[in-house]
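Atoms considered below: every heavy atom in the structure, side chains included; atoms not considered: hydrogens, waters and symmetry mates.
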Amino acid sequence: MHRKFLLLIIVYLFILSGLILFQGNLLLLAVPIIIYISLGIIAGPHVVKLEIKRVVEPERVLPGTPISVRLTVKNIASKACTISLHDFTGEGLEIVSGDPQLLALISPGTAVDLNYTVRGMRGIYTFNHLVVTSLGDDALFEDETSFAVRGQVFILPHVPPIRRMNLRTWQTKVYAGNIPARVAGSGTDFFSVRNYQPGDSLRHINWRNSARNPDTLYTNEFERERVTEIWLILDGRERSNLKLVGDELFEHVILSGAGLAQALLKEGNRVGLLIYGGYLRWTFPGYGKVQLEKMLRSLAQARTGDLFIFSDLENLPTRAFPFSSLLILISPLHAEDVPILLNLRGRGYTILVVSPDPVKFEYSRLAREKGGLAGLRIAKIERQYHLARLQNAGIRVVNWDVSVPFERTVQAALIHPLRTAHPVRPM
Amino acid sequence: MKNLPGMIWLFQVIAALILLVGILIQSAWYLLPVVILWIGLFMANVWIPRNWMISSLLFSGCLIAGILSFTGFPIFWLVLAVTAQLLSWDLLCLRLKFDQFHHIEGDNLIIRAHLSRLGMVTVLSLAMAVLSMSISVSFDFGWVLVVGIIALAGLSLVFRNLRSSNREA
């Protein structure tokens, strides 16, 4: 029961029973409580005038890193005030030390600090308001006010350091990069031999060929290296997200996406991101550090979704991806996804599939169950069959056992460039 | 902060003594169950204070005082008992508030501000009780009407005041 109502009930019980029973003594018993309430009304909590600042440090962190939140509350009124402060931390943040609540009596012109430390998992967390309750000098009157004091913290996904990947596409952009462009020019890898032309560097003369043909000189040509447009497509479908205690397969998808985004942008490529799941979250292609920041923020906010229309890859908006682009699909893969990927390959896309292995991910749990090992063996064979179908169609597949660091798997799988056959476009 | 439980104890003991003496003198044994309940609530509040227990403690204390007023026990002591109850209740609420916070800035100042307010309440209440002993008014229908109107006016005033809403700064 609210304290004010309790006192009112007692007062009115005394008064009404006194009036009904003609007992003046009962009226007199109500007097202390009436005085208490009256003094509370007269000198009740006044409207507080506060200056509040919020500092969240650091604003960009990795998961699990402590984030310090400091609120400085200054009383700019002419009277001292007793206030309680209650800060609402974003949902998903865990308080490590300190307390987001404080009770304080603040003299005019002075300030108090509310400090606490939080940590959380990947995401964007906002601090919106601070609830200040002005308390009177009694137990009755409280005046609650909500102050908009905003703050934000980005908890970005871990970015595994990937040194270099050997990728190939059929078309490249004009800028110099690391992807072989299938055109002769300045580069490091041998491309072809042609007749010497005046102006060619003597260092590039192919002496062996020239010795065989004494009348002519031959020059080595090298393969030009350029940048290309790459689309990272992350599988955010709820059905692809296997969950174990304290671990989700989607987190590995995010981690691999972050690692690939950084490595590809570092090599100068134009990279875009699409999170395909309960919604389509686009990060349109771009270059450089700004693009990396955009992509990491997008990955920080990525959540799985369960929308019927996106339950398979059939509705992948392929029109948004130019034919010259390299598509990197990060997905545990379902059997139904294979024909769609084969169709995309047939339409001319160069595709790389990075697939966190769901069978090995679930191994520790299923191996303990009755019949689990047999089931795992069947699932493994089925997966191998699907991956082989993709590889036979010229789709490069990186099968990633998530217990192994992603960078090690990628570097081992993509150490040599794979020359894929030119796709035949359907007439 | 350290003195807060002691003060609560002191006010509660004052109220208990007055009411128990009243019951003994007036031989109002039928009030004993309520008194036992009241003492039980007080002891429980010492260990695990809860909002409902604090409210019940005040309510039952006032109930005993109200019933004792019919027995002819001196009203001054009953007003004193109710005042002591009220002070104890206020400080218990304050203690409950303090328990909600791990960190309190200026706790002694907050208690001092509370005590000064409670001092005013005590002085005014006792002054009214003393005044009531010296002034005698015949309680007829006219007084009932006046007190009733004042009570209704007070009720509407209080309700208007209670309608404090949260404001977005």
TODO: Can you tell which part of Leu96(B) gets under 4.5 Å to a heavy atom of chain A, answering side chain, backbone, both or neither?
DONE: side chain

- [ ] Among Ala104(A), Ser84(A), Ser38(A), Ser17(A), single out the residue with the greatest number of heavy-atom pairs under 4.5 Å to chain B.
- [x] Ala104(A)

Task: Polar contact flag, side-chain donor to acceptor under 3.5 angstrom, Arg150(A)-Thr126(A) - done: no

- [ ] Can you tell which part of Ile34(A) gets under 4.5 Å to a heavy atom of chain B, answering side chain, backbone, both or neither?
- [x] neither

Task: Contact class of Leu124(B) relative to chain A, heavy atoms under 4.5 angstrom - done: both

TODO: Could you have a look at Ala81(B), Gly66(B), Gly106(B) and say which one has the most heavy-atom pairs with chain A under 4.5 angstrom?
DONE: Gly66(B)

Task: Residue among Asp99(A), Ile106(A), Leu114(A) with most heavy-atom pairs under 4.5 Å to chain B - done: Asp99(A)

TODO: For each of Leu28(A), Ile15(A), Thr133(A), tally heavy-atom pairs with chain B at distances under 4.5 Å, and name the one with the top tally.
DONE: Leu28(A)

Task: Among the listed options Leu26(A), Thr82(A), Val131(A), Val31(A), the residue most often paired with chain B at heavy-atom distances under 4.5 Å - done: Leu26(A)

Task: Side chain / backbone / both / neither for Leu118(B) at chain A, heavy atoms under 4.5 Å - done: side chain

Task: Flag if over 12 foreign heavy atoms under 6.0 Å of CH2, Trp282(A) - done: yes

- [ ] Considering only heavy atoms and a distance below 4.5 Å, find which of Val82(B), Thr83(B), Leu86(B), Leu58(B) pairs most often with chain A.
- [x] Leu86(B)

- [ ] Without swapping roles, check the side chain of Arg122(A) against the backbone of Leu299(A) for a donor-acceptor pair under 3.5 Å.
- [x] yes

TODO: Go through the side-chain N and O atoms of Ser88(B) and Gln12(B) and say whether any donor and acceptor fall under 3.5 Å apart.
DONE: yes

Task: Residue that, paired with Asp90(B), satisfies side-chain hydrogen bond (donor to acceptor under 3.5 Å, both in side chains) out of His114(B), Arg95(B), Gln85(B) - done: His114(B)

- [ ] Please say whether the positively charged group of Arg297(A), taken as NZ for Lys or CZ for Arg, lies over the ring of Phe154(A), i.e. under 6.0 angstrom from the six-membered ring centre and within 45 degrees of the axis.
- [x] yes

Task: Contact class of Leu85(A) relative to chain B, heavy atoms under 4.5 angstrom - done: backbone

Open item on the list: Salt bridge check, Asp87(A) against Arg54(A): does any charged N sit closer than 4.0 Å to a carboxylate O?
Closed with: yes

Open item on the list: Under 4.0 Å between a side-chain nitrogen and a carboxylate oxygen: does that hold for Lys243(A) and Glu238(A)?
Closed with: yes

